[in-house]
Amino acid sequence: MLRQAFEQSLVELHHDLYDMGQAVLSQLERTAVAFQEENSELAAEIMVFDEDINFRELALETKSVELMALQHPVGGDLRRIITVLKASSDIERMGDHLRSIAQSIIQLSNSGSLSEMTEPINAIFEALTLLLEETFETYRAQDPDKAILIATWDETINRIYKETQDRLTDYIKNYPERIENGREYYQILLHLERLGDYAKDVCAWIVYLGIGKIVNL
């Protein structure tokens, strides 16, 4: 493969990972709507669309491995390919968590929701949407300094997660007959918290791409 063709392949990898991130961001926004509206049909669509996220991750992995096998890249070229390999895996896991949230939404549409949990969980959705938007835009700009800053936003999500989890625990103690419903909310909270963790991991790979060091954000 000529150098020009190789560089074009790297550009395509970069764009494909960004597009994968945008697809997951769209899924997050749709999942938030499904939760707010208790829309089981939309939740079912989200579960099906997870296959598209999986396909994107596999395609990126295949292309990345082929480029490493054929070109034996070094330096910045190798970092870009490794970043795509690692970050695409993190983004694929985001899709898995959204699929699980959608499954819980379907369960709640059958068993009944807890209105007390709607507002704080909506707040987590909003914070996550902003976090993912900025994470993927920062990847596109390849800005390691901004990635370090954005990674700290996960602390806000963790704080709301803990406060909401405690609130849900108190509610279940007072209304033990709603424990089945509460279990689904516990699951939703856990998956949302993990989404923030994976966004932070993507930020760490942006830093690696920029400075060549693996950091713990």
Side-chain angles (χ1 to χ4, degrees), residues 13-32 35 46 49-50 53-54 56-58 60-61 64 76 78-102 104 120-166 168 185-217:
L13 274 182
H14 180 71
H15 289 312
D16 288 348
L17 182 66
Y18 175 78
D19 288 344
M20 182 182 179
Q22 292 302 300
V24 166
L25 175 59
S26 176
Q27 283 293 86
L28 172 61
E29 293 169 341
R30 294 178 52 176
T31 303
F35 173 76
I46 291 164
F49 190 75
D50 181 53
I53 304 299
N54 295 340
R56 289 170 185 261
E57 194 267 341
L58 179 60
L60 281 167
E61 179 182 331
S64 296
L78 180 60
R79 290 203 304 273
R80 174 167 291 190
I81 294 174
I82 290 174
T83 296
V84 169
L85 270 172
K86 296 295 188 177
S88 64
S89 178
D90 291 330
I91 295 171
E92 188 275 333
R93 290 190 178 97
M94 292 181 192
D96 290 342
H97 286 289
L98 290 172
R99 185 183 190 280
S100 295
I101 292 170
S104 288
I121 290 180
N122 282 342
I124 299 177
F125 271 115
E126 291 175 3
L128 273 171
T129 299
L130 180 60
L131 174 59
L132 264 63
E133 284 177 349
E134 291 299 318
T135 295
F136 299 136
E137 290 304 319
T138 301
Y139 168 74
R140 184 164 69 168
Q142 299 184 34
D143 187 340
D145 292 332
K146 189 173 181 181
I148 292 171
L149 172 63
I150 291 169
T152 64
W153 296 2
D154 183 49
E155 296 173 7
T156 299
I157 294 168
N158 291 338
R159 176 181 55 78
I160 304 173
Y161 161 76
K162 183 63 168 60
E163 291 172 354
T164 308
Q165 187 183 53
D166 291 344
L168 178 58
Y185 282 94
Y186 278 122
Q187 290 299 313
I188 289 173
L189 284 169
L190 177 61
H191 292 303
L192 289 173
E193 191 271 339
R194 292 297 293 138
L195 279 165
D197 290 342
Y198 282 119
K200 187 166 65 173
D201 289 344
V202 172
C203 287
W205 290 115
I206 296 169
V207 175
Y208 167 75
L209 176 61
I211 68 175
K213 294 183 179 179
I214 297 176
V215 297
N216 185 23
L217 298 180

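When a residue number appears, it is its place in the shown sequence, counting from 1.
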message = What I want to check is whether the side chains of Ser89 and Arg93 have a donor and an acceptor closer together than 3.5 Å.
response = yes

task = State, to 0.1 Å, how close Arg79 and Gly212 come at their nearest heavy-atom pair, and which atoms those are.
result = CD-CA, 3.3 Å

Over all atoms of both residues, closest heavy-atom pair of Val207 and Ala147 = CG2-CB, 4.0 Å

query = Do Leu28 and Phe125 touch side chain to side chain, with heavy atoms closer than 4.5 Å?
reply = yes

request  = Measure the CG-CG distance between Asp201 and Leu217 for me, rounded to the nearest 0.5 Å.
outcome  = 8.5 Å

key: NZ/NE/NH1/NH2 to OD/OE distance under 4.0 Å, Lys146 and Glu134   = yes

request  = Report yes or no: is the cationic atom of Arg194 (NZ for Lys, CZ for Arg) closer than 6.0 Å to the six-membered ring centre of Tyr198, at no more than 45° off its axis?
outcome  = yes

query = What pair of heavy atoms forms the shortest contact from Ile150 to Cys203, and how long is it?
reply = CG2-SG, 4.0 Å

inquiry  = Please check: side-chain N/O of Thr31 versus main-chain N/O of Gln27, any donor-acceptor pairing under 3.5 Å?
reply    = yes

Side chain to side chain, Phe49 and Arg99, heavy atoms closer than 4.5 Å = no

key: Reported OG1-to-NZ distance for the pair Thr152 and Lys200, which is rounded to 0.5 angstrom   = 9.5 Å

ask   = If you round to the nearest 0.5 Å, how far is CD of Glu193 from NE2 of His97?
value = 9.0 Å

query = Less than 4.5 Å apart, any side-chain heavy atom of Tyr186 and any of Leu168?
reply = yes

ask   = Which pair of non-hydrogen atoms, one from Val202 and one from Ala87, has the smallest distance, and what is that distance?
value = CG2-O, 4.3 Å

inquiry  = Can you confirm whether Leu98 sits close enough to Asp50 that some side-chain heavy atom of one is under 4.5 Å from a side-chain heavy atom of the other?
reply    = no

message = Set out, in order, the CA-CA distance, both residues' side-chain angles and the distance that settles side chain to side chain contact (heavy atoms under 4.5 Å, CB included) for Met94 and Met20, then state yes or no.
response = CA-CA 11 Å; Met94 292 181 192; Met20 182 182 179; over 6 Å; no

request  = Please assess Ile101 against Phe35 for the test side chain to side chain contact (heavy atoms under 4.5 Å, CB included), listing each intermediate value before the final yes or no.
outcome  = CA-CA 9 Å; Ile101 292 170; Phe35 173 76; 5.8 Å; no

SB check Lys162 Asp166 (cutoff 4.0 Å) = yes

ask   = Could you walk me through whether Leu17 and Ile91 pass the side chain to side chain contact (heavy atoms under 4.5 Å, CB included) check?
value = CA-CA 9 Å; Leu17 182 66; Ile91 295 171; 3.7 Å; yes

request  = Find the distance between CG (Leu85) and CG (Leu13) and round it off to the nearest 0.5 Å.
outcome  = 8.5 Å

message = If the threshold is 4.0 Å, N to carboxylate O, is there a salt bridge linking Arg159 and Glu163?
response = yes

Check: Ile124 and Leu195 side chains under 4.5 Å, non-hydrogen atoms = no

ask   = With a 4.5 Å limit on heavy-atom distance, are the side chains of Trp205 and Val84 in contact?
value = no

message = As an exercise, state the distance from CD of Glu92 to CG of Asn54, rounded to the nearest 0.5 Å.
response = 4.5 Å

ask   = Does the pair Thr129 and Glu133 meet the rule for a side chain to side chain contact (heavy atoms under 4.5 Å, CB included), with working shown?
value = CA-CA 6 Å; Thr129 299; Glu133 284 177 349; 3.7 Å; yes

query = Once the angle between the rings of His14 and Tyr139 is folded into 0 to 90°, is it parallel (under 30°), tilted (30 to 60°) or perpendicular (over 60°)?
reply = tilted

note = dist Thr135:OG1 -> Leu128:CG (nearest 0.5 Å) comes out at 9.5 Å

